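Following: one structure in structure tokens, then a few remarks.
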Amino acid sequence: MSGRIIIGVTGSIAAFKSLELVRMLVKNGKEIDVILTEAGERFIPKVNFKSFTSGTVASDLWSEEVNQPIHIKLSKAASILVVVPASADFIAKAAAGIADNLLLSTFLAFNGPKIIAPAMNPNMYKNPITLRNIRTLRKFGVDFIEPTTGYMADYLIGVGHLADLQDIFDYIEKYERKQVLKGKKVLITAGGTREFLDPVRFIGNPSTGTMGIELAREFWKFGAEVKLISANISKQIPSYIKNIEVINSEEMLKVVRKNFKASDIFVSTAAISDFTPRTPKKVKIKKSTDLKEIKLKRTIDIIKEISKHKGKKKIIGFAAETLNLESEAEHKLIEKKLDLIVGNYVGKNRGFGEITSEGIILGEKTRIEFSGLTKPELSRKILEVILQVWY
Ligand SMILES: Cc1cc2nc3c(=O)[nH]c(=O)nc-3n(C[C@H](O)[C@H](O)[C@H](O)COP(=O)(O)O)c2cc1C
């Protein structure tokens, strides 16, 4: 689906956030028209949006002097309509079919996909009248991006906070894509495990989990049901992704085993420790202890272990290497019965936590070298390969 995107802005305190969303969308090549309600315009004058989009920015239903009214013109050109933020008042009027302003008229005239991201005071959101209005609109096929719990304008915490802008952006992209992975279940591991020596010290690694999160986003946008198993990630995980948190390699193995059976694709991006202390201490090792060595034992290789029960499932592995990347990745591809492997160079200023990465994607019939790709770009490339080769 491609066409213009209408962003509707209503009279919520969160209206300023829609400016950043428009900026993100335009930066990513989308064509945006903005419709403000009268209250929305009190918060953000049109000129702000006009600085970001060359599309229409309008609020007046009666402004256009053409034979085609503006709400019909805008709705015909659009492929998706997103109201962000949506006030309780807008939701109530839309649910009742009221069309007494430009945004409401366009909402009613437009018969493509409609998304609403509410933002309001928790009492307004939890009010049974608002909840009923949301249910009514849902019944008519309108999609809602639920508000989160966070600090409100009065500095109190409650539900009603506008959803994360990146999540709203992802919803829009999902609607633009063919849902070729609908019905597929994808299990992704991300982050880095921690093997504790005592309650306060561990063997770890600098993995941030970004690769796993970005891949989760991409799979989801193509319609897959994604579950993430995350180890020690401090980054925000998209609200639409199911997430199970683990700490060490043993827990990771347990949770992967439990969820692998029900999945169609398993993607292992997590940096899982190959070693763990043989006898972790229950109390903190004293500084005064004459500690000369730490006895380690090998951890179980998760991919090797689960690929024994692979069946028709697809497995994607990652290899972080400092040297001989291609031969090491090829060896892992065969040894671990992978369907695809993404080899990354790591080391000083390379790999973990870096903005761009370089490496190679290998499969039975795939050999693609890449460099200078950000993690979102690399995720898109990996999905391109998957869709071309497997589906
Ligand atoms: C300072 C201020 C902040 C407001 N914030 C919100 C809000 O976050 N969510 C909401 O639903 N209404 C909020 N309201 C109330 C709406 O602006 C009001 O209901 C208005 O009629 C909405 O009009 P609209 O739906 O046409 O945009 C706020 C009002 C004021 C004065």
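Counting starts at 1 for both ligands and their atoms, following the listed order. Remember, it's a predicted structure, so these values are computed and weren't measured experimentally.
You'll find the side chain of I386 stays beyond 4.5 Å of the side chain of E218, heavy atoms only.
When each of N248, T276, T299 is paired with E195, the side-chain hydrogen bond (donor to acceptor under 3.5 Å, both in side chains) condition holds for T276 and for no other.
Within the structure, salt bridge (Lys or Arg N to Asp or Glu O under 4.0 Å) contacts touching residues 363-373 (residues at least two apart or in different chains) are E326-R367, R367-E369.
The side-chain tip of K381 does not point at the ring of F370 from less than 6.0 angstrom away and within 45° of straight on.
Partners of E38 under the side chain to side chain donor-acceptor pair (under 3.5 Å) rule, at least two apart in sequence or in another chain, do not exist in this structure.
Within 4.0 Å of ligand 1, contacts by protein heavy atoms are made from T10, G11, S12, I13, T37, A39, F43, S87, A88, D89, F90, A119, M120, M124.
Listed by chain and number, the hydrophobic cluster partners of F202 are F196, I247, where partners are ILVMFWY side chains within reach of under 4.5 Å, directly or through others.
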